[in-house]
Structure formats: C-alpha cells, structure tokens
Number of protein chains: 2
Amino acid sequence: MNWTKLTFDWNQARALVAVADLGSLSAAAKALGLTQPTIGRQISALEADLGVVLVERSGRSLTLTVSGREVLEAARAMAEAGLRLSLVASGQAQALAGPVSISASDMFAHYALPPVLRHLQAIAPALEIDVIASNEISDLKRREADIAIRHVRPTGSELYARLLREATAHLYAARSYLDQIGRPGSVAELTGKNFVGFGKRAEMVQYLEMYGISTTESDIRFNSANGAVAWEAVRKGLGFGFMAVDFTRGLTDVEPVLPNEISVKFPIWLVTHRELHTSPRIRLVFDVLAKALEAQP
Amino acid sequence: MNWTKLTFDWNQARALVAVADLGSLSAAAKALGLTQPTIGRQISALEADLGVVLVERSGRSLTLTVSGREVLEAARAMAEAGLRLSLVASGQAQALAGPVSISASDMFAHYALPPVLRHLQAIAPALEIDVIASNEISDLKRREADIAIRHVRPTGSELYARLLREATAHLYAARSYLDQIGRPGSVAELTGKNFVGFGKRAEMVQYLEMYGISTTESDIRFNSANGAVAWEAVRKGLGFGFMAVDFTRGLTDVEPVLPNEISVKFPIWLVTHRELHTSPRIRLVFDVLAKALEAQP
DNA sequence: CAATTGGTATGCGTAGTTGCATGAATTGGA
DNA sequence: TCCAATTCATGCAACTACGCATACCAATTG
C-alpha cells in the first residue's frame with residue numbers, strides 16, 4: 001500500500017461527496033452534523049492539498065469542475081465503503097450480548113448514567129445492564145460489579161483504573177429559600193444555618209469546618225444516605241447542601257452559594273478487573289462510559 | 001445516502017488499515033506521517049465511536065479481534081478508493097499546463113518562493129512559472145503578472161485579494177560584527193551606528209526614527225534596492241538592517257538586535273484578478289501559494 | 001538475571017479546526 | 001425594480017486533537 005498517497009484528510013473527501021450529492025455547502029453541513037463554514041473550508045483545503053480545483057463557485061449554486069467529477073467518483077467509492085464499515089460495526093456491536101453490572105454512587109447512578117445507558121442501548125441492545133447504586137466501595141473486589149465509578153483512587157494491582165477527570169462541587173440552596181433568608185455575602189454568614197447532610201452527619205460537619213463554616217450536627221436538620229433524596233431536600237428549600245456542578249445544569253430552582261470560596265474538587269475514576277477488560281462486552285461498556293463521562297455533561 | 005452512518009471520523013478508519021497492515025501503532029504512525037500516541041488515540045476513539053473492540057493489546061504486539069477483521073475489510077476498501085482518489089487528482093493536476101506569472105518583492109522571490117515552487121512543480125509539472133521579482137506595485141493592473149504577493153492592502157474591485165498573515169521583521173546584524181562592536185543594550189546605543197538600506201535611504205532613516213534611533217543618511221553606508229543584495233551585506237557585517245524573521249530561520253551568522261523593542265509588523269497579501277481566479281491554472285497556483293505562505297515557514 | 005530494545009500508555013503545552021456571529025452576494029418573486 | 005430569502009465568505013473565540021517528553025511494559029540478548 002502506498003501510504004504517502006493516503007495522507008490527505010479523508011474527512012475532506014467525505015465533505016466533497018456530501019456537497020456533490022446535496023448541491024450546497026449548507027445542505028452538506030446539515031447532513032454531516034457540521035456547519036457551513038467548516039464544510040467550505042474542508043473543500044478548499046482538499047483543493048489546495050490535491051492541487052486540483054474541484055468546485056466552481058458561481059453565485060448561489062456550486063457546480064463540480066471536470067476534475068471534480070473525476071475525483072468525486074473515487075470519493076463516492078470511499079463513502080460506500082464507509083457506509084459498509086458503519087453497518088458492519090453496528091452489526092458487531094448489536095451482537096454483543098450478556099450481563100454487565102455497573103456500580104456507582106447513587107448520585108451518579110441517578111443523574112449521570114441514564115443518558116449514557118440510553119446511548120449504550122442504541123449501539124448494543126442485547127446487553128443486559130445492571131446498575132448498582134451504592135455508596136459502599138467494596139463491590140468490585142467481591143465481584144458484585146463488573147465496572148465501578150469511584151471518587152477515590154482504587155488500590156490493588158488486579159484492578160484496571162482510569163482517571164476520567166476532576167469534577168467540582170459547590171454548596172447549593174433553593175432559590176426560594178435564599179429569597180426568604182437572604183443570600184450570604186461571606187462564609188461567616190453561613191454559621192448556624194440549616195444544612196442538608198449526605199450520609200454521615202459528622203463528616204458533613206467536618207467538611208463545612210474545612211471551609212471555615214462552624215456548625216453542629218444539630219444544624220443538619222435533614223439527612224439522607226440516599227444522595228438523590230438529600231438533593232431533592234435541598235431543591236425544596238430545607239437547607240444548604242453540596243452538589244456536583246455537572247448535575248445542576250439547566251436547573252433554575254437552585255443557586256450556587258459563594259462558589260468562589262466553597263469549591264470541592266473530586267476525581268472520577270472508572271475501574272474494572274484487569275482480566276475483565278479483555279472481554280469485548282465489558283470493554284465496550286467501559287469505553288463508552290469513559291468517553292461519555294470524561295467530557296463535561 | 002445515509003449520512004448519519006458516515007459521520008464517524010474517516011481518518012480513524014485510515015489508522016485502522018495502517019495498523020492492521022503494518023502490525024504496530026508506531027509503524028502505522030510513521031507511514032502516515034503522524035505519531036504513535038495519535039494513532040493509538042485514533043484507534044481507541046474509533047472503537048468507542050463504533051461500539052466495537054477492534055484490537056487486542058497483548059504486550060508488545062497487537063492483534064485484531066474478530067470484529068476488527070470484519071471492520072478492517074470495509075476500511076481497506078475505503079483505503080483503496082482513497083488511493084484511487086489520490087491518483088486521479090494527481091493526474092488532473094499534472095494535466096494543468098500553461099504560463100503563470102507571479103510578482104513578488106525580490107526578498108520574497110528570493111527566500112520564500114523557491115521551496116513553494118518546487119512543491120508546485122511536483123504536483124503540476126506542466127505549468128510554466130514566471131517569477132517577476134520587483135518592488136514596484138503596478139505589475140498586476142497592467143497585466144504584467146497573474147498573481148502578486150503584496151505587503152499593502154490592494155485597492156480596486158477588479159482584484160481578488162486574501163490576507164495570508166501578519167509577518168514580523170526585526171533589526172539584524174552579523175554575529176561577527178556584533179562581536180567586534182559590542183551588542184547594544186538599548187535603542188539609544190544604536191544612534192550613529194552603520195546601517196544597511198533596502199532601497200531608499202530617506203525611508204530607512206524615517207523608519208529608524210520611529211523606533212527612536214536617530215540617524216542620518218550618511219550613516220547608511222551601504223544601500224541596495226535589491227533586497228537580497230542588501231541582506232547579504234548585513235550578513236557580511238556591513239551594518240544593521242531589517243529582515244523578516246521568517247527568512248532568518250536556521251541562520252547562525254546573524255542575530256536579532258533588541259527584538260522586543262524593534263519589531264515591524266507587515267501584512268502578506270495574495271492578489272489576483274477577479275476573473276483570473278476562475279481559471280483552474282491560476283486557482284491552483286493561488287491556492288498552493290496561499291496554503292504554503294500562510295503558515296510560518 | 002540484568003540490560004537492552006522495540007513498543008504502548010499518559011500528561012501537558014500548543015497549534016489547528018470548529019462553531020458562532022456577521023457581512024456580502026445572488027436569485028426568485030412581489 | 002426592489003425586497004426577501006437563501007447561500008457563501010470571513011473574523012474571532014473556544015475547544016479539540018496533535019506532538020513532545022516521559023513513564024511503563026514485554027520480549028529478546030548477553
């Protein structure tokens with residue numbers, strides 16, 4: 001194979017096929033999920049790279065040059081093979097079947113996983129996904145789960161782990177609640193306010209102490225080991241509570257409180273057994289989860 | 001055509017073919033003019049995107065999975081079509097024949113054009129390129145040239161112009177010369193030194209004045225309207241002279257003088273007649289010049 | 001069994017590509 | 001003939017993907 005002849009940008013060839021078939025840059029862009037300027041630049045770049053003028057810009061309509069039609073023929077063959085590739089892969093993915101269990105904190109299970117699982121369902125409908133929403137961290141080693149999402153660095157050489165990213169959490173409160181009691185202007189003003197606990201009251205007090213907020217366990221008027229329940233309490237105005245910013249997008253009934261002063265960073269690890277990672281079924285779920293969760297939702 | 005099935009990254013398919021054929025990421029990277037991390041990430045991304053595990057990483061050697069072999073078949077068909085595309089385009093370009101004249105300042109003609117023209121020669125050997133090295137700016141309108149490289153914004157609606165980028169020039173002097181007379185620590189210390197002029201003595205004095213360097217025309221001991229000649233004089237130690245930084249890369253016998261204080265920015269415009277831009281021959285040269293010159297050499 | 005070689009994974013800074021917003025140009029219809 | 005609609009071009013900001021440097025890992029060699 002002559003590799004040097006293949007080093008042109010293949011995506012630009014795709015742009016050519018789309019433009020030729022659909023008649024305009026805008027239409028091609030829409031079909032490929034890109035924008036008109038991008039397609040325009042890809043065509044220009046392809047022309048400059050190949051050293052051939054492919055399209056004639058005459059006002060509103062584009063027409064292919066003679067050279068363009070010749071090149072298009074080969075590009076269309078690429079597109080047809082690409083379509084075949086896509087269908088084959090899709091078939092392979094759909095053939096993947098069997099159980100996969102994912103362990104995650106209840107917050108993640110509740111807010112982050114559903115959209116990812118819907119996507120997973122689309123590409124591998126025969127998988128049987130089992131989500132274990134639990135804040136315990138021993139599931140994996142006891143083989144209770146195949147894949148786990150963790151917020152501490154996993155230990156043990158039998159595990160394969162990947163740090164996806166650092167997430168940020170702030171203190172939040174309901175907008176209506178803040179309207180009522182006023183918005184704190186400094187950390188000191190939070191002393192003695194009502195808080196919502198996520199599990200252990202003592203830990204919550206300790207956390208708040210770290211940010212200079214003195215509270216007692218009795219200030220935590222509401223507490224639940226179930227994160228989603230606790231968060232609903234915050235949204236309903238029962239007090240201040242921590243929340244990852246990722247899960248608050250689009251929410252209009254809550255506000256971050258002093259986000260510059262109070263900001264908790266925590267890692268997101270994706271973990272599986274070293275040997276399970278060679279199983280196509282597990283690998284697929286692992287990779288899809290990794291891709292989806294490492295980008296900000 | 002089902003466009004949504006074609007929105008995967010075609011370059012990643014190319015990576016798969018190269019890896020499968022050459023047996024390793026490193027070899028594939030070398031063949032495609034990329035690096036091993038890039039190829040590795042492209043394969044991973046393709047897997048995540050298609051939802052299929054394609055390669056099995058077992059120590060030092062990679063093997064394709066069953067799914068991988070199926071997908072590879074289609075990817076190889078893409079590569080073969082891509083090769084055909086490249087050959088067709090190359091043939092089309094080689095068929096372009098005829099004269100094209102390019103006007104540029106003698107500096108550009110001397111230092112920037114030759115490598116570009118060599119590249120042009122490779123993709124369209126039948127073109128007859130004529131380079132007009134002149135510092136006059138009327139060539140284009142009088143039809144003495146088809147394409148011009150200019151450093152002032154062209155006027156006239158009958159012209160088609162593109163701003164390629166901003167270039168930077170500094171004051172330079174020969175290393176040996178500086179060893180002899182000492183390196184100026186401030187702009188003031190340049191007063192009364194020897195300078196090399198690029199054309200008109202009066203203009204040079206004016207330029208130097210702008211940067212707080214008072215000189216007289218008699219300080220310009222050497223002057224040539226031919227930029228290359230003047231620059232050779234600078235390199236041989238006849239005095240200080242301006243030069244575009246792009247043309248000094250790899251030169252060890254000259255040094256920039258107070259580059260932070262003395263820095264001239266000037267634009268690079270590529271210009272042609274509006275109607276000539278529709279000619280394939282001219283368009284090719286225009287586009288190749290644009291692509292080559294808008295990147296820092 | 002240590003050293004070396006050929007290869008893959010990962011962190012980080014940068015350059016190139018993308019999308020958005022806007023301007024310019026052309027066509028078809030009122 | 002003018003207006004509205006559609007499309008392409010361009011400037012700019014943000015992000016993604018790239019390359020470099022390096023750590024890591026397996027297999028071969030002495």
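Throughout, a chain's letter reflects where its sequence line sits, starting with A, and its residues are numbered from 1.
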B/I43 versus B/V19: any side-chain heavy-atom pair under 4.5 Å? yes
Round to the nearest Å and state the distance from A/R14 atom CZ to C/dT18 atom C1'. 13 Å
Would you call the rings of A/F108 and A/H151 parallel, tilted or perpendicular if under 30° counts as parallel and over 60° as perpendicular? tilted
When the distance from CZ of B/R165 to P of D/dC12 is rounded to whole Å, what number comes out? 17 Å
Under 4.0 Å from OP1 or OP2 of D/dC18: is there any side-chain N or O of B/Q42 that close? yes
Can you find a donor-acceptor pair, distance only, under 3.5 Å between A/R41 side chain and C/dG16 base? no
Measure from CG on B/D49 to C1' on D/dT16 and round the result to the nearest Å. 15 Å
Sequence neighbours excluded, every pair satisfying salt bridge (charged side-chain N to carboxylate O under 4.0 Å, His left out) that has a member inside residues 68-78 of chain B: B/D21-B/R76
Could you state the CD-P distance from B/Q36 to C/dG11, rounded to the nearest angstrom? 14 Å
Enumerate the residues from residues 20-32 of chain B whose closest heavy atom to DNA chain C is under 4.0 Å, giving them by residue number; use none for an empty result. B/S24, B/L25, B/S26
Under a 4.0 Å threshold between the charged nitrogen and the carboxylate oxygen, would A/D9 count as salt-bridged to B/R14? no
Whole-Å distance between C/dA9 C1' and B/E47 CD? 14 Å
Hey, does the side chain of B/R57 come within less than 4.0 Å of C/dA9's phosphate (OP1/OP2), counting only N and O? yes
Closest non-hydrogen atoms of B/T65 and B/V53, given as atom of the first, atom of the second and distance, are OG1-O, 2.7 Å
Closer than 4.0 Å, any side-chain N/O of B/T35 to the OP1 or OP2 of D/dG19? yes
Which pairs of donor and acceptor atoms, one on a side chain in residues 44-51 of chain A, lie under 3.5 Å apart (sequence neighbours left out)?
from  : atom 1 : to     : atom 2 : distance (Å)
A/S44 : OG     : A/G40  : O      : 3.1
A/S44 : OG     : A/R57  : NH2    : 3.3
A/E47 : OE1    : B/R283 : NH2    : 3.0
A/E47 : OE2    : A/L54  : N      : 2.7
A/E47 : OE2    : A/V55  : N      : 3.1
A/E47 : OE2    : B/R283 : NH2    : 3.3
A/D49 : OD1    : B/K291 : NZ     : 3.2

Residue met sooner reading DNA chain C from 5', once A/I39 and A/A161 are mapped to nucleotides: A/A161
Heavy-atom nearest nucleotide on DNA chain D for B/P37 versus B/R162: which residue maps closer to 5'? B/R162
Expressed as a whole number of angstroms, how long is the span from B/L34:CG to C/dT8:P? 14 Å
Measure from CG on B/L163 to P on D/dG11 and round the result to the nearest Å. 7 Å
Separation of D/dA9 P from B/L164 CG (nearest whole Å): 17 Å
For the residue pair A/T4 and A/T7, confirm or rule out a side-chain donor-acceptor distance under 3.5 Å. no
